Amino acid sequence: VQLQAYGGGLVQPGGSLRLSCAASGSIFSINAMGWYRQAPGKRRELVADITSGGSTDYADSVKGRFTISRDNAKNTVYLQMNSLKPEDTAVYYCNAQGYYSDGGPLRHFGSWGQGTQVTVSS
């Protein structure tokens, strides 16, 4: 299962960006989808995640500013980022976990997207 992320870029403080991440392959079901980020010199951290039923969880640093959503029919997860701050600058990675089948029994997968750079600077 492959993940392709889109939507990063350069934005001024207070601006907005929307990230998208589409999963493809012989997907049977996707349970959790999420976004992580890694700033230079720091560990990768969870930004937000969402279950197939729509339950969400956010890092305290982004609550009230970021919104995660997903389109199950398209196997796609989104991250709407508003009121961006310089400290949001990082490479953002999407993640998905679920099950796939290549014609045999179901197998679990956990996949990462390639990362997309978000830079918040004036």
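Note that this is a predicted model, so its numbers are computed, not measured.
Of the possible polar contacts, one joining the Arg65 side chain to the Ser61 backbone as a donor-acceptor pair under 3.5 Å is found.
Nearest heavy-atom pair, Pro13 versus Ser121, reported as atom, atom and distance to 0.1 Å: CD-C, 3.6 Å. Nearest heavy-atom pair, Pro105 versus Ser101, reported as atom, atom and distance to 0.1 Å: O-OG, 4.3 Å. Taking all atoms of both residues into account, the shortest heavy-atom contact from Gln114 to Leu3 is OE1-O, 3.8 Å. Across every non-hydrogen atom of Cys21 and Met33, the tightest pair is O-CE, 4.4 Å. Between Lys74 and Thr76, the shortest heavy-atom contact is O-OG1, 2.9 Å. Of all the heavy atoms in Leu79 and Ala48, the pair that sits closest is CD1-CB, 4.4 Å.
Taken to the nearest 0.5 Å, the CD atom of Glu45 stands 12.5 Å off from the OH atom of Tyr93. Rounded to the nearest 0.5 angstrom, Asp71 CG and Ser20 OG are separated by 10.5 Å. From Leu19, atom CG reaches atom OH of Tyr6 across 13.0 Å, with rounding to the nearest 0.5 Å. In this structure, CE on Met81 lies 5.5 Å from CZ on Phe66, to the nearest 0.5 angstrom. Separation of atoms CD (Gln2) and OG (Ser111) is listed at 7.0 Å; rounding is to 0.5 Å. Separation of atoms CZ (Arg70) and OH (Tyr78) is listed at 11.5 Å; rounding is to 0.5 Å.
Val91 and Leu84 are members of different hydrophobic clusters when ILVMFWY side chains are connected at heavy-atom separations under 4.5 Å. By the criterion of side-chain heavy atoms lying less than 4.5 angstrom apart, applied directly or through intervening Ile, Leu, Val, Met, Phe, Trp or Tyr residues, Ile50 is grouped together with Phe109 in one hydrophobic cluster. When hydrophobic clusters are built by joining Ile, Leu, Val, Met, Phe, Trp and Tyr residues whose side-chain heavy atoms come closer than 4.5 Å, directly or via intermediates, Val62 is grouped together with Leu17.
With a 4.5 Å cut-off on side-chain heavy atoms, Tyr58 and Ile68 count as touching. A heavy-atom distance below 4.5 Å is found between the side chains of Asp49 and Leu46.
Between the side chains of Thr89 and Glu87, not a single donor N or O lies within less than 3.5 Å of an accepting N or O. Remark: the Ser16 side chain and the Asn82 side chain contain an N/O donor-acceptor pair separated by less than 3.5 Å.
The aromatic ring centres of Trp112 and Tyr36 sit less than 6.0 Å apart.
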Side chain to side chain donor-acceptor pair (under 3.5 Å) between Asn31 and Ser52, intermediate numbers included: CA-CA 5 Å; Asn31 300 335; Ser52 58; 5.1 Å; no

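Between Lys85 and Asp88 no salt bridge is recorded (no basic side-chain N to carboxylate O distance below 4.0 Å).
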